[in-house]
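What follows is one structure encoded as structure tokens, with my remarks underneath.
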Amino acid sequence: MKLDRRGFLKFAVGGAIGTLATPIPWDLIDESAKFTDLWAPEPAKGPSSFVHSTCRLCPGGCGITLRLVEDKSGRDEWRGWHHKEFIQRRRLPAVPLRAVKIAGNPDHPVNRGGICPLGAAGLQLLYGTNRVTTPLKRTNPRGEGEAAWEKITWDEALNIVNGKLREIREAGNPHTVACILDNKKGLTAELIDRFFRAYGSPNVITMPSQEDVETVGLSLMQGTGGPLAYDLENSKYVLSFGAALLEGWGAPVHNMMVFGKWQEANEHTLVQIEPNCSITASKADKWLAVKPGAEAALALGMANVIVTEGLYDRSGIARCQGFEGFKALLESEYNPRKVSEITGIPAAVIATTARAFAVTKPAVAVYGRGQGVMSGNLAEFMSIYSLNALVGSIGARGGVVMQREVPFKAWPALATDAVALQGLSQPRIDGEGGEIKHGVSMAHNLTAALKSGAVNALVVHEANPCYALPRARKFEEAVAKVPFVLALTSCMNETARSADIVLPVASYLERLEDVTSAARVPYASMSLTRPVLANVPEARHPGDVFLTLARAMGGSVGSSLPWDNFEALLKEKVGGIFASRRGRIGDQEVAMLGSSDELWEGLNAGKCWYEEPIFGGGGLTFNPQGRTPRLEPVSWMKASREYPMLLVAYENINIANRRAVDTLPYLTKNIDNTVLQKHDLLVRVNPETAGRLRLVEGDAATVQCPSGRLSVRVHMDVGMMPDVIGIPLGLGHSNDDPFLTGKGVNAYEVLEPELDPVTGLAVWWGTRAKLIKV
Amino acid sequence: MSEHQEVASKEKYGMVIDLDKCTGCGACTVACLSENNHYVREDESDKLHSVTWMKVYKVTNGEPFPNTKVAFIPRPCMHCDHHTPCVSVCPVMATDYNPLTGIVSQIYTRCIGCRYCVGACPYHARYFNWWDPVWPEGMHKLLNPDMSPRMRGVAEKCSFCNHRLQKAKDKAYVEGRKELKDGEYVTACAEACPTRAITFGNMKDPESAIAKLIKSPGAFRLLEKLGTQPKVYYLSNESWIRELGDNALGRKKRGGLA
């Protein structure tokens with residue numbers, strides 16, 4: 001049979017139609033869909049158990065309950081010798097477990113069962129893709145392209161670190177070693193601080209925090225360093241000067257729990273004072289949209305009303321000093337009409353709010369800005385804090401209180417040899433303060449110090465200064481100049497990528513550690529994070545790492561840190577709580593316990609030690625050292641023709657920003673697409689301002705600041721003050737985490753720290769800016 | 001479709017969310033994600049493809065500065081009691097209304113992925129799995145053994161943590177009880193909420209907290225005019241929030257999604 005063209009086409013078309021009539025193509029599609037389907041993994045089943053621990057992803061210190069399930073998937077990981085040792089020492093169950101859920105612990109006094117999104121996502125830190133799994137050594141010089149790493153053993157790593165530190169010490173330069181910590185709360189931080197003091201370096205520096213200015217302010221006005229706490233639960237009238245009470249300030253879950261109770265009782269008033277419509281401002285009974293940076297002036301305006309109308313608490317004022325000078329300042333410079341001009345709040349509103357604040361008892365004025373990393377100057381703190389003295393709320397129920405210290409057993413005397421003494425006598429590299437000398441860390445000065453070559457070795461423990469210091473990129477450049485950089489971290493971050501040696505430390509679910517006193521909560525408390533499981537068997541407790549280093553170093557360092565391991569130190573320290581007879585653990589009085597071991601067992605079962613707050617009338621000095629709070633606007637707040645707008649940073653509870661933990665994957669589902677769209681960050685701008693600049697929703701734009709520019713998109717937000725740009729902190733990471741890297745821009749890079757001449761501390765929460773349409 | 005078959009049951013589960021307490025923190029969402037084995041995509045900013053059974057919507061009163069206010073409306077599945085839209089359209093009975101508990105279920109292995117239910121749901125509470133669920137290396141360890149992850153090509157939605165009901169019932173049975181105590185069965189979102197804005201329980205139990213709350217003067221439900229009778233109630237003293245709850249086309253209002 002001859003096949004011509006027509007015949008071939010007929011056959012082909014007929015064949016195609018014929019095939020369609022058969023089930024073959026449909027089955028093929030169906031089968032290929034099934035065949036390429038990866039199917040969902042079936043979670044391994046097994047009996048569950050629950051253990052209590054404590055969260056330390058933020059300063060809130062919530063009690064958590066972990067649900068554990070027998071893990072049948074990865075038994076191989078449990079065969080390592082190190083792990084056996086880990087199990088024996090930590091009394092881990094012999095059956096491998098996996099953690100499947102974190103919920104709040106209903107018996108913990110701080111959070112009473114509630115939990116925040118970050119805490120609930122904590123397992124993604126434990127099982128994260130970004131964990132450092134072994135000690136790493138950098139193989140290419142720093143500052144030259146992407147870091148290349150070589151896996152080394154702990155012995156090798158510690159030998160290198162020990163060799164470096166020994167070399168610097170033997171050359172008589174121990175003070176050229178600096179250490180950066182996130183904060184100095186807790187025994188691990190105290191142990192590291194002690195290690196470096198015994199070594200001979202005074203340079204243990206913490207990341208910036210609002211507590212810095214509070215510490216200086218309180219020591220001046222009240223002769224105490226704090227930490228400052230607020231009895232919000234019992235307060236009937238709360239004036240918050242910008243503190244993000246419901247968005248992550250202080251102990252976030254505690255505050256939200258208190259807010260829930262306020263809403264039920266319906267007898268509490270919350271007044272939020274801040275420029276933009278934040279969540280706290282929306283949820284407050286009243287929002288006063290004050291001009292940025294004028295919060296403290298508003299406080300003095302209210303103080304003026306309270307003083308001139310005689311509404312102040314006379315018995316409270318009798319315990320204070322310098323009232324006359326303060327009164328004179330208020331009368332001469334802060335009458336409501338003038339304050340109205342500065343703040344943009346009508347004089348009548350200032351007066352009515354001040355009166356309500358003065359007559360409602362108890363009332364409290366809360367100093368703060370956002371979640372608590374950005375800070376203002378000393379005069380601002382003093383102005384706002386003074387309101388508490390006027391209404392008799394210092395040390396009062398429902399007012400401000402100083403959090404008592406956890407009565408840990410005191411550290412033994414520090415052994416210091418000649419080298420250490422000589423090193424400790426050197427000035428700190430970050431300076432001692434401004435006009436007032438104080439011991440508070442001034443991390444913003446580190447960039448200059450590192451650049452000047454004053455640092456031979458830098459140790460960074462669970463902090464991320466290369467990302468989170470103001471003008472972060474400048475700091476990163478300075479770090480490249482330091483001869484030796486060591487990072488201790490559980491997850492790879494920007495700072496670790498700039499290090500020579502990276503040591504993997506156990507995450508908070510893998511180590512035994514104390515979590516002391518939740519931030520801003522009016523009572524002292526302490527509960528333990530517990531080594532529930534070991535997902536990264538190589539990771540070690542940072543306390544153990546420094547104790548090992550101390551042993552290897554010997555001499556005064558070794559004898560200052562004689563403990564075998566961190567657990568032994570912690571157990572000894574807890575003995576002090578038993579000896580103090582203070583407080584209660586769970587529902588039992590410590591004084592009724594038979595021995596320190598009982599307390600230890602209770603803590604290890606996940607119970608929390610805490611004590612009732614102690615109230616007692618206190619006073620303060622309104623004008624310490626003759627300084628009445630004199631408010632000078634920060635230089636970058638003044639409008640200029642070149643930069644007509646103000647860029648103000650804000651924080652979002654779903655964008656991790658406070659500690660060495662980054663935004664966890666689950667939280668990215670909670671980030672609005674008005675904040676982040678694919679890789680673009682959106683700044684918030686009032687529609688009126690955007691219209692003037694011919695910008696519409698989603699437009700690409702450049703934020704031009706004196707210290708750099710950021711490429712962003714625009715979100716029109718009616719709640720923004722005109723001519724103010726709102727930018728979220730915590731995005732724009734470059735840490736290899738696929739869920740975070742390259743998303744948005746890092747606002748820390750452009751924030752301009754201005755130094756408060758009085759304290760030398762950085763005032764940073766914004767900068768001048770110009771928004772340009774691209 | 002006709003009315004659901006009435007069965008003499010002592011249980012009907014529902015939820016009350018106090019919007020005046022809700023601060024929009026999203027702890028409920030994360031607790032839900034963790035409890036119900038959700039995977040995370042690298043780009044979650046694309047909200048059309050982001051699966052969140054419990055989604056927190058941000059709404060605003062639309063007033064110009066400085067009278068602006070925002071509020072949050074957490075939106076789980078409403079478990080509609082009447083003419084349940086998704087159940088009405090499902091051609092394969094992959095979703096069903098349980099007359100014993102009032103819970104609207106979803107059987108993933110039965111779902112053929114036609115997505116009628118996704119279109120039918122007036123609350124956008126249903127999601128379709130366009131991709132294979134992927135957990136990065138090691139992350140599968142945090143999967144909850146009580147909940148099956150969903151495969152590509154099926155619709156999914158909030159189940160009121162039905163597996164928790166099963167567990168609570170098992171426990172009660174072992175203890176020789178036939179009825180659950182109030183608070184014995186709660187969803188993961190209600191358990192997590194830091195302000196205690198979410199109350200979950202049996203609406204037919206007159207002593208339960210929820211039975212009292214749904215009678216509060218500020219109680220309302222979303223899109224009540226559709227007559228779907230959601231079992232998720234909201235509370236608010238703010239009239240603009242309550243008005244938004246019954247939003248409809250053509251009504252002139254300033255407020256809306258923020």
Side-chain angles (χ1 to χ4, degrees), chain A residues 33 37-46 69 71 73 98-104 111 113-117 120-121 123-124 127 129 246-247 253 256-257 259-260 263 277 279 282-283 287 289 653-654 665-674 676-678 686 718-722 738-739, chain B residues 18 20-21 23-27 29-31 33-35 37-38 40 42-47 50-52 56 58 60 62-66 68-72 132-153 188 191-197 258:
Chain A
D37 200 327
L38 293 175
W39 294 99
E42 188 63 29
K45 302 230 185 308
V69 175
D71 183 13
S73 58
R98 60 190 183 93
V100 301
K101 182 78 192 269
I102 297 180
N111 58 318
I115 196 157
C116 79
L123 294 177
Q124 291 189 322
Y127 294 122
T129 50
L246 306 178
E247 296 156 84
V253 178
M256 286 198 259
M257 175 187 83
F259 176 73
Q263 294 295 78
C277 175
I279 295 168
S282 282
K283 289 281 158 188
W287 164 39
I653 196 165
N654 280 292
Y666 280 149
L667 304 192
T668 60
K669 292 214 189 214
N670 273 346
I671 300 174
D672 251 8
N673 56 1
T674 56
L676 187 71
Q677 274 176 20
K678 293 209 185 301
N686 187 289
V718 282
M720 286 297 292
M721 179 173 270
F739 298 99
Chain B
D18 187 336
D20 295 341
K21 284 186 186 174
T23 64
C25 73
T29 308
V30 175
L33 295 170
S34 170
E35 179 78 20
N37 293 341
H38 284 265
V40 182
E42 279 184 22
D43 176 25
E44 284 287 350
S45 75
D46 181 354
K47 298 299 177 196
S50 171
V51 179
T52 37
V56 182
K58 187 180 182 184
T60 164
E63 295 290 329
F65 181 88
T68 324
K69 272 200 166 196
V70 294
F72 297 88
D132 285 309
V134 177
W135 279 266
E137 182 65 36
M139 275 277 204
H140 61 272
K141 284 199 177 180
L142 52 75
L143 292 179
N144 177 0
D146 304 333
M147 189 69 202
S148 55
R150 282 70 60 192
M151 59 297 273
R152 184 219 294 168
E191 179 187 75
C193 181
T195 59
R196 296 287 173 242

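These numbers were taken from a predicted model, which means no experiment stands behind them. Letters A, B, ... are given to chains in the order of the sequence lines, protein chains preceding strands, and every chain is numbered from 1. The figures that follow rest on heavy atoms only: side chains count, while hydrogens, waters and symmetry mates do not.
Under a 3.5 Å cut-off, the side chain of A/T668 and the backbone N or O of B/E44 do not form any donor-acceptor pair.
Using a 4.5 Å cut-off between heavy atoms, A/M720 contacts chain B through its backbone alone, with no side-chain atom that close. Heavy atoms closer than 4.5 Å to chain B are found in both the backbone and the side chain of A/Q124. The part of A/F259 that comes within reach of chain B is its side chain, from C-beta onward, which places non-hydrogen atoms under 4.5 angstrom from that chain. Only the side chain of A/N686 has a heavy atom closer than 4.5 Å to any heavy atom of chain B. In this structure, chain B has heavy atoms under 4.5 Å from both the backbone and the side chain of A/A121. At a 4.5 Å heavy-atom cutoff, the contact between A/I671 and chain B is made by backbone atoms alone. Contact of B/N37 with chain A is made through the side chain alone, with heavy-atom distances under 4.5 Å. When heavy atoms are compared at a cutoff of 4.5 Å, B/V56 does not approach chain A at all. Contacts between A/T674 and chain B at a heavy-atom distance below 4.5 Å involve the side chain alone, from C-beta outward.
Under the side-chain hydrogen bond (donor to acceptor under 3.5 Å, both in side chains) criterion, B/D132 pairs with B/R152, sequence neighbours left out. Checked against side-chain hydrogen bond (donor to acceptor under 3.5 Å, both in side chains), A/K678 has the following partners two or more places apart in sequence or in another chain: B/D43.
Each of B/E35, B/E137, B/M147 has some count of heavy-atom pairs under 4.5 Å with chain A, and the biggest count is that of B/E35. Ranked by heavy-atom pairs shorter than 4.5 Å toward chain A, the options B/A71, B/A192, B/C193, B/A197 are led by B/A192. Listed options B/K69, B/M151, B/E42 were ranked by heavy-atom pairs under 4.5 angstrom with chain A; first place goes to B/E42. Per-residue counts of heavy-atom pairs under 4.5 Å with chain B were compared for A/M257, A/K669, A/E42; the largest is that of A/K669. Your options are A/P43, A/P117, A/G113, and the one with the most heavy-atom pairs under 4.5 Å with chain B is A/P117. No other option in B/T52, B/T29, B/D20 has as many heavy-atom pairs under 4.5 Å with chain A as B/D20. Ranked by non-hydrogen atom pairs under 4.5 Å with chain A, the options B/S148, B/S50, B/A31 are led by B/A31.
The side-chain heavy atoms of A/K101 and B/N144, taken from C-beta on, include no pair separated by under 4.5 Å. At least one side-chain heavy atom of B/M139 sits under 4.5 Å from a side-chain heavy atom of A/P665. B/S34 places none of its side-chain heavy atoms less than 4.5 Å from the side chain of B/L142. A/K283 has its side chain out of reach of B/K21: every pair of non-hydrogen atoms, C-beta onward, lies at least 4.5 Å apart.
Note: A/C277 SG to B/E63 CD = 11.5 Å, rounded to the nearest 0.5 Å. One distance of note links SG of A/C116 with CG of A/L667; it measures 8.0 Å at 0.5 Å rounding.
Of all heavy-atom pairs between B/C25 and A/N654, the closest is O-ND2, 2.8 Å.
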